[in-house]
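Worksheet: one structure, shown below.
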Amino acid sequence: MEYNFEVAGIYYDNKDGTSRKDFIKKHLDIDDYTKINVSLIRHGGNKHDRNAIGVYISKSGFFGFNNLMIGFVPREDVKEISPMLKEGGEITSTEIYKVWLPSWSDKATPYVHITINTNWTENDVEEMYKRIKDERRKKRLEKRSMSSATDKNNVIIKKVINYILNIAILIAVYFLIFK
């Protein structure tokens, strides 16, 4: 399956304070993007999106650089890609197909468009969504059945307590009257 998207979050800085915009302006101001390696790395612990996938660029050689984060796969694409990767799907290729670098302003945000190809099909994605939906439904039903069993136990316990209290009241009344 093929995905084409614009990298999200370019206008934010990385955790270490480095500017994603500056990386892009410095390293992608070229005509041939085939020499740039693009890798996608899952960020499962991301507090904003548990499906987050970071987009990294690198280049080998004397003037090369290693894994510079330039942003994220957009949410609308990542909610499909991340679970498929988690289930063993593979990305077969990634490449930059378009970069726009603003020349009129240092504050303007560049745009980077990426294409990725995967080893899964639309049917695989539909099956994955169905499986996730079924698993969630099963968990909800288990939770409900456990809570209903707990509710039944609570009702029985309440009835037993009421019975014991009624007997205690009868005994107290008996001793008050016949003593």
Side-chain angles (χ1 to χ4, degrees), residues 1-140:
M1 208 166 151
E2 183 177 280
Y3 298 87
N4 298 300
F5 57 85
E6 179 183 318
V7 176
I10 290 174
Y11 44 87
Y12 292 108
D13 289 341
N14 289 322
K15 284 184 179 181
D16 63 1
T18 54
S19 169
R20 296 173 187 167
K21 290 190 297 189
D22 291 345
F23 284 153
I24 292 167
K25 289 176 183 176
K26 180 178 179 183
H27 298 294
L28 296 181
D29 191 10
I30 56 177
D31 293 329
D32 185 12
Y33 302 118
T34 59
K35 295 179 179 163
I36 303 294
N37 300 316
V38 180
S39 56
L40 305 177
I41 300 173
R42 291 188 71 237
H43 287 226
N46 186 301
K47 66 181 179 181
H48 302 291
D49 186 355
R50 65 187 168 141
N51 288 322
I53 298 176
V55 178
Y56 295 79
I57 58 172
S58 61
K59 180 180 175 188
S60 57
F62 185 71
F63 294 105
F65 50 90
N66 289 323
N67 287 337
L68 303 175
M69 184 174 180
I70 61 168
F72 290 93
V73 175
R75 275 202 177 140
E76 54 272 4
D77 293 310
V78 81
K79 63 183 168 185
E80 188 172 292
I81 297 169
S82 185
M84 290 303 295
L85 290 174
K86 192 174 180 179
E87 291 198 4
E90 294 179 13
I91 294 174
T92 56
S93 68
T94 56
E95 63 182 33
I96 296 171
Y97 72 90
K98 184 176 162 187
V99 175
W100 177 76
L101 298 169
S103 57
W104 48 272
S105 170
D106 286 339
K107 297 200 186 285
T109 303
Y111 294 95
V112 178
H113 294 263
I114 292 180
T115 298
I116 66 169
N117 290 295
T118 65
N119 68 344
W120 60 80
T121 65
E122 286 185 41
N123 287 339
D124 295 331
V125 173
E126 288 173 17
E127 287 175 18
M128 182 259 318
Y129 278 136
K130 185 178 183 295
R131 191 170 41 257
I132 289 172
K133 186 178 177 182
D134 290 344
E135 287 171 5
R136 287 181 181 162
R137 182 181 303 125
K138 184 178 176 183
K139 284 181 184 178
R140 277 195 311 271

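Just so you know, these numbers come straight off a predicted model, no measurement behind them.
By the side chain to side chain donor-acceptor pair (under 3.5 Å) test, Glu6 pairs with no residue at all, sequence neighbours left out. Qualifying side chain to side chain donor-acceptor pair (under 3.5 Å) partners for Asn14, counting only residues two or more places apart in sequence or in other chains: Thr18, Arg20. Residues forming a salt bridge (Lys or Arg N to Asp or Glu O under 4.0 Å) with Arg137 (at least two apart in sequence, or on another chain): Asp134. Residues satisfying the ring-ring contact (aromatic ring centres under 6.0 Å, His included) criterion with Tyr12, sequence neighbours excluded, are absent altogether. For Arg75, the side-chain contact (heavy atoms from CB on, under 4.5 Å) partners are His48, Asp49, not counting sequence neighbours. Not counting sequence neighbours, Glu127 has no partner by the salt bridge (Lys or Arg N to Asp or Glu O under 4.0 Å) test. Residues meeting the side chain to side chain donor-acceptor pair (under 3.5 Å) test with Glu2, sequence neighbours left out: Asn4. Checked against side chain to side chain donor-acceptor pair (under 3.5 Å), Asp124 has the following partners two or more places apart in sequence or in another chain: Thr121.
Atom-to-atom distance recorded for Met69:CE and Ser39:OG is 10.5 Å, nearest 0.5 angstrom. Note that NZ of Lys59 and CG of Leu28 are 10.0 Å apart. Values are rounded to the nearest 0.5 Å. Separation of atoms CG (Leu40) and OG1 (Thr118) is listed at 11.0 Å; rounding is to 0.5 Å. From Asp77, atom CG reaches atom CD of Glu80 across 7.5 Å, with rounding to the nearest 0.5 Å.
No side-chain donor-acceptor contact under 3.5 Å links Asn46 to the backbone of Ala52.
Proximity of Arg136 to Arg140: side-chain heavy atoms (C-beta onward) are separated by under 4.5 Å at one or more points. At a threshold of 4.5 Å between non-hydrogen side-chain atoms, the residues Glu122 and Met1 count as touching. In this structure the side chain of Lys25 never reaches within 4.5 angstrom of the side chain of Phe23, judged on heavy atoms. The shortest side-chain heavy-atom distance between Leu85 and Trp120 falls under the 4.5 Å cut-off. By the 4.5 Å heavy-atom criterion applied to side chains, Ile116 and Ile114 are counted as neighbours. Using a 4.5 Å cut-off on side-chain heavy atoms (C-beta onward), Asn37 and Asn67 make no contact.
Closest approach of Pro74 and Ala8 over heavy atoms only: CA-CB, 4.1 Å. Nearest heavy atom pair, residue Pro110 against residue Pro102, reads CA-CD, 3.7 Å. Taking all atoms of both residues into account, the shortest heavy-atom contact from Gly71 to Val7 is CA-CG1, 3.6 Å.
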Side-chain donor-acceptor pairs under 3.5 Å in residues 91-100, sequence neighbours left out?
{"from": "Thr92", "atom 1": "OG1", "to": "Asn117", "atom 2": "O", "distance (Å)": "3.0"}
{"from": "Ser93", "atom 1": "OG", "to": "Asn117", "atom 2": "ND2", "distance (Å)": "3.0"}
{"from": "Thr94", "atom 1": "OG1", "to": "Val38", "atom 2": "O", "distance (Å)": "2.5"}

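A side-chain contact (heavy atoms from CB on, under 4.5 Å) with Val55 is found for one member of Leu68, Ile10, Ile41, Ile70 and no other, namely Ile70. For the side-chain hydrogen bond (donor to acceptor under 3.5 Å, both in side chains) with Ser82, the qualifying choice from Arg50, Glu87, Arg42 is Arg42, the only one to do so.
Applying the ring-ring contact (aromatic ring centres under 6.0 Å, His included) rule to pairs touching residues 70-93 yields His43-Phe72, sequence neighbours excluded. For residues 28-40, there are no salt bridge (charged side-chain N to carboxylate O under 4.0 Å, His left out) pairs, not counting sequence neighbours.
Within 6.0 Å of OH in Tyr129 there are more than 12 heavy atoms belonging to other residues, nucleotides or ligands.
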